[in-house]
Amino acid sequence: MLCSAIYFELFENWEITVIAESYNPQALEAEAQRHWDEQRTFAVREEPGREKFYCLSMFPYPSGRLHMGHVRNYTIGDVITRYQRMLGKNVLQPMGWDAFGLPAENAAMAGGVAPAQWTDNNIAYMKQQLRSLGFAVDWDREVATCRPDYYRWNQWLFLQMLERGIVYQKTGLVNWDPIDQTVLANEQVIDGRGWRTGAVVEKREIPMYYLAITQYAEELLAELDQLPDWPEQVRLMQKNWIGKSYGVRIGFPYQLPSPVTGRGAGGEGESGVLWVFTTRADTLMGATYVAVAAEHPLALYAAQSNPALAAFIDECRQGGVTEAELATQEKKGFATGLTVTHPLTGEPLPLWVANYVLMAYGEGAVMAVPAHDERDFAFAHQYGLAIKPVIRTRAGDETPAPWQEAYADYGICIHSGQYNGLDFEQAVDAIAADLNARQLGEKKVIWRLRDWGISRQRYWGTPIPIIHCDDCGTVPVPDDQLPVILPDYLVPDGSGNPLNKYAEFLNCACPKCGRPARRETDTMDTFVDSSWYFFRYCTPGASAMVDARADYWMPVDQYVGGIEHAILHLLYSRFWTKIMRDLGLTTVSEPFTRLLTQGMVIAPTFYRESAEGRKQWINPADVSVQTDDKGRPVAATLKSDDQSVVIGGIEKMAKSKNNGVDPQALIGQYGADTARLFIMFAAPPEQALEWSDSGVAGAYRFLRRLWIYAAEHQETIRAAGDLDAATLSEPLREIRHELHEALRQALNDFGRHQFNTVVSGGMKILNALGRIETGKEPSAAAVRREGLSVLLRLLSPIVPHITHELWRELGYGDDVLNAAWPTPDEAALARSFVAMVVQVNGKLRGQIEVPVDAEHGVIEQAAQTEPNVQRFIEGKPIRKIVVVPGKLVNLVC
Ligand code: ANZ
Ligand code: ZN
């Protein structure tokens with residue numbers, strides 16, 4: 001990364017000459033925005049035959065105010081939008097609101113306002129904030145997902161999917177608060193307790209609707225390879241999430257005193273087979289016990305005669321249901337007292353119930369190989385179970401004892417009887433074949449991906465369009481009764497979904513038999529809303545879900561958003577798009593061609609500790625920081641009382657650490673262009689951006705410098721004649737060369753989305769222009785005119801307001817947005833190299849090309865390494881080198 005500190009320092013030290021006019025960003029920005037509004041500059045239409053570019057930023061949740069993460073996200077999107085537009089493309093940049101969700105309900109409870117009203121107010125405020133940043137958005141396409149004209153299509157597509165068997169019903173696990181008698185979202189469960197009641201949360205099974213995303217698992221995985229312009233990391237995260245595992249299903253026969261029943265029980269009577277799934281069949285000979293999930297039929301069977309085991313199973317049921325919680329919890333288990341039989345050796349293996357075995361994955365049971373699996377290893381240690389190594393370690397150990405840790409890598413089989421000496425693949429093949437012959441195993445592919453449960457027992461979301469009739473069962477709402485409108489004036493009180501108590505919504509007539517029936521009160525996961533909003537942007541006002549206009553705009557050429565959405569949102573959007581494709585609604589298979597995940601905005605933290613040791617976080621704006629001579633913070637005090645505060649780490653801007661900078665304050669103080677310039681300059685888009693007040697001030701100084709320069713030379717630039725490159729003085733040639741060299745580099749950087757170096761290129765250009773001596777020759781004004789026109793166009797995607805204004809004021813044209821994108825002048829660049837002849841002892845021996853401004857050392861080096869020259873100087877010491885700049889080098893030896 002380019003060192004921003006150095007550049008800003010440069011500008012700090014610049015002497016500001018008498019200013020003709022001062023830079024007043026607030027006034028000129030409002031003026032530029034008015035111009036764009038009046039001209040409807042960013043309203044776009046389909047223009048078949050003209051190249052389009054669809055630039056999309058992840059739409060915000062209308063939480064109330066923009067935070068710096070939003071500003072960064074949308075600034076990056078806007079710079080790309082404006083850049084593509086300058087390249088001459090037909091560019092669409094829409095904006096909207098991810099407007100359903102839990103925070104609105106919480107705010108409603110806290111403030112007694114209906115979620116709809118709270119949401120509307122927030123949208124209005126944040127929209128005005130977005131507008132003040134000068135984003136090139138076509139606002140005619142605004143979407144808010146809480147509006148019936150949007151969510152009706154969630155409902156419609158849901159019913160289409162229901163008809164095709166992609167939507168189905170089954171029971172699912174939820175967090176249940178036994179005091180409030182309500183379902184809790186995962187984020188409402190804190191340390192296993194309900195956030196409002198503090199009651200220990202239970203897991204409950206309730207009927208829910210699922211989308212069969214697993215039907216698309218293979219395609220969702222395979223098509224990741226066709227997304228070369230996605231970050232590798234995101235593709236990998238998706239791949240792991242989908243999780244295709246090649247393994248073997250292995251059966252462990254058992255004999256029990258009485259019959260077992262239930263899914264996975266594996267037999268009708270007293271004898272049966274316990275099936276497990278393993279990706280490491282090669283370690284079968286090292287299995288020392290078998291473990292099942294707490295919900296497994298064999299666990300339940302064993303619990304019937306064992307109250308302590310039953311209590312353990314109950315304990316496993318409590319606590320959260322998220323995968324993260326399951327992964328981090330302490331490993332616990334319980335011996336059932338039963339055994340199963342090893343399918344190859346016939347040995348009895350103890351059967352355990354373990355909390356690290358998930359019922360929902362594979363067979364809900366594992367063969368445990370403590371020597372080669374970390375979880376089994378930890379478990380075996382804890383409960384004193386046997387550890388039997390069957391894979392030779394890389395160190396070549398035959399019997400690597402004492403065991404320090406599990407050896408989970410692949411290797412050659414040992415202590416495995418007839419399988420000794422086989423490698424992973426050979427062992428899996430041989431073992432699978434032997435199991436197969438006994439009907440106790442076969443190779444199998446399983447997926448980690450689960451179907452998408454979309455039912456939420458919440459109010460503020462899309463109503464699921466289903467009616468429950470005592471006679472007809474669950475009946476889909478007919479198309480002509482869509483949308484099922486969510487009454488948007490209810491105020492939840494925390495005791496569950498208010499729709500459940502609202503008769504006007506609840507009661508309806510059964511569409512089939514006409515008798516009184518009851519509406520479904522569950523609403524859809526808000527990930528549904530964000531799975532296709534980018535289609536709707538293409539077709540504002542469409543009377544169908546989408547129409548042909550989407551064929552022109554889709555797929556999105558550039559998607560910009562946070563890495564926190566790398567898995568679910570992107571996966572669901574990809575899935576939804578494929579559903580729409582299969583329903584003939586689009587021809588597109590993948591919605592987002594290119595993805596940019598922007599880095600976090602980070603800032604220093606400060607705090608004081610209370611007597612009880614609780615940290616009270618203090619906003620950086622309220623703190624004065626003392627730095628050492630390298631600019632590192634050494635001490636800090638609270639501005640209001642001059643007493644010291646503790647300097648914490650540099651962390652993501654967040655409410656919890658009170659280290660956020662309010663974008664509004666920033667815009668108020670410096671204007672939108674400064675905010676945009678700082679954000680684009682301080683770091684490349686994918687990297688973390690460390691907030692720095694002095695960096696912001698530096699960005700402002702640069703813009704002011706640009707303004708003053710333009711104001712100072714306004715007259716001469718307007719009056720300047722055409723540039724005649726042939727007659728320029730040497731210093732002017734040099735400046736033009738620098739200008740075009742910086743331009744060439746900056747254009748390259750634009751293409752690579754390295755906007756920070758685009759900005760430094762702009763700074764170089766202004767530096768170079770600053771060296772033109774005033775009033776010497778008419779051609780100086782011409783170079784200045786050219787240079788500033790290049791600079792304004794180059795910077796216009798990043799700082800659109802100031803460049804808009806100066807473009808007009810300097811007489812270049814009416815609108816910089818309609819100007820041609822600058823291209824470097826080859827002739828000016830060509831000067832960068834000059835040919836020199838090389839003589840050895842006065843005789844012509846070769847030719848070299850060196851940069852015009854090359855130092856003597858560089859020229860001498862080039863001369864001596866020229867291959868032909870080398871033949872003549874080989875082995876001889878060089879006594880003297882004569883350099884005639886721009887002409888020749890003579891080596892004397
Ligand atoms: C024996 C074994 C030996 C395993 C070894 C690993 C290493 P992926 O890659 O995620 O598919 N497993 C299977 N079903 C499970 C369940 N329901 N809950 C928890 N763990 C389960 O991982 C497959 C591996 O995860 C399987 O391979 C199994 O442990 C475990 F040296 O079997 B293995
Ligand atoms: Zn009915």
Side-chain angles (χ1 to χ4, degrees), residues 1-12 55 57-58 66-83 133 135 230-234 558-566 594-605 620 627 630-633 649-654 657 659-663 666-667 670 672-703 742 745-746 748-764 794-795 797-800:
M1 187 180 38
L2 184 122
C3 178
S4 49
I6 292 175
Y7 266 95
F8 281 131
E9 230 154 59
L10 264 175
F11 288 101
E12 203 158 11
C55 187
S57 286
M58 291 181 183
L66 288 185
H67 57 64
M68 215 43 97
H70 289 130
V71 176
R72 186 177 195 199
N73 190 159
Y74 303 141
T75 301
I76 294 168
D78 194 55
V79 170
I80 295 172
T81 295
R82 288 171 174 273
Y83 163 64
L133 279 155
F135 296 139
W230 279 36
E232 182 55 39
Q233 180 202 8
V234 174
Q558 177 70 64
Y559 199 15
V560 184
I563 189 80
E564 64 276 19
H565 295 299
R594 191 175 177 150
L595 176 69
L596 189 161
T597 48
Q598 95 262 5
M600 292 184 297
V601 183
I602 56 179
T605 57
T627 52
K630 294 211 173 68
R632 285 178 302 222
I650 295 175
E651 298 194 47
K652 180 177 176 172
M653 277 192 184
K657 296 279 161 68
N659 65 339
V661 174
D662 182 12
L666 178 69
I667 298 166
Y670 292 109
D673 279 343
T674 292
R676 297 173 58 121
L677 183 67
F678 168 70
I679 283 171
M680 300 314 286
F681 183 54
E686 277 99 351
Q687 289 180 18
L689 183 161
E690 185 178 339
W691 198 260
S692 136
D693 290 336
S694 61
V696 173
Y700 180 76
R701 277 195 303 276
F702 171 71
L703 293 178
Q745 183 60 45
N748 191 32
D749 293 340
F750 249 123
R752 299 185 301 140
H753 290 171
Q754 288 287 325
F755 307 110
N756 57 323
T757 50
V758 170
V759 175
S760 52
M763 292 171 170
K764 272 188 206 146
L794 191 64
L795 291 182
I798 297 169
V799 285

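Excluded from the calculations below are hydrogen atoms, water molecules and symmetry mates; all remaining heavy atoms, backbone and side chain alike, are included.
- The two residues Leu794 and Ala746 come nearest to each other via the heavy atoms CD2-CB, 3.7 Å.
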Step-by-step side-chain contact (heavy atoms from CB on, under 4.5 Å) determination, Leu689 to Met68
CA-CA 10 Å; Leu689 183 161; Met68 215 43 97; over 6 Å; no
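- Residues Tyr700 and Val696 fail the side-chain proximity criterion, which asks for heavy atoms closer than 4.5 Å.
- In this structure, Tyr83 and Val758 have side chains that are not in contact, with every pair of non-hydrogen atoms separated by 4.5 Å or more.
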From CA spacing to verdict: side-chain contact (heavy atoms from CB on, under 4.5 Å), Ile80, Leu596:
CA-CA 11 Å; Ile80 295 172; Leu596 189 161; 4.1 Å; yes
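- Side-chain N or O atoms of Asn659 include one that pairs as donor or acceptor with a backbone N or O of Ala654 at under 3.5 Å.
- To the nearest 0.5 Å, atoms CE (Met680) and CD (Gln754) are separated by 10.0 Å.
- Between Met58 and Glu564, every side-chain heavy-atom pair lies at or beyond the 4.5 Å cut-off.
- In plain terms, the two heavy atoms of Val560 and Gln598 that are nearest each other are CG1-OE1, 4.1 Å.
- Residues His565 and Ile563 have side chains not in contact (no heavy-atom distance under 4.5 Å, counting atoms from C-beta outward).
- The aromatic rings of Phe678 and Trp691 lie perpendicular to each other, with more than 60° between the two planes, well past the 30° mark.
- Closest of all the heavy-atom pairs between Asn73 and Gly562 is OD1-N, 4.3 Å.
- The line from CD1 of Ile679 to OG1 of Thr75 is 4.5 Å long, rounded to the nearest 0.5 Å.
- Across all their heavy atoms, Ala672 and Leu133 have their closest contact at CB-CA, 3.8 Å.
- Once rounded to the nearest 0.5 Å, the distance linking NZ of Lys652 with NZ of Lys657 reads 11.5 Å.
- In this structure, Ile602 CD1 and Gln687 CD are separated by 10.5 Å, a value rounded to the nearest 0.5 Å.
- Between Pro231 and Glu686, the closest side-chain pair of non-hydrogen atoms is not below 4.5 Å.
- By the 4.5 Å heavy-atom criterion applied to side chains, Met653 and Arg72 are not counted as neighbours.
- Annotation: side chain of Tyr74 is not in contact with side chain of Ile76 (no heavy-atom distance under 4.5 Å).
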Determine whether Thr757 and Gln745 satisfy the following criterion, side-chain contact (heavy atoms from CB on, under 4.5 Å), listing intermediate values before the conclusion.
CA-CA 9 Å; Thr757 50; Gln745 183 60 45; 5.8 Å; no
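- Within the 4.5 Å cutoff, the side chain of His67 has no heavy atoms near those of the Val601 side chain.
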Would you please test Phe702 and Val799 for side-chain contact (heavy atoms from CB on, under 4.5 Å) and show each step?
CA-CA 11 Å; Phe702 171 71; Val799 285; over 6 Å; no
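- Closest approach of Leu666 and Ala675 over heavy atoms only: CD2-CB, 3.5 Å.
- Ala742 and Gly761 make their closest contact through CB-O, 4.0 Å (heavy atoms, listed as atom of the first residue, atom of the second, distance).
- Note that OH of Tyr559 and SG of Cys55 are 11.0 Å apart. Values are rounded to the nearest 0.5 Å.
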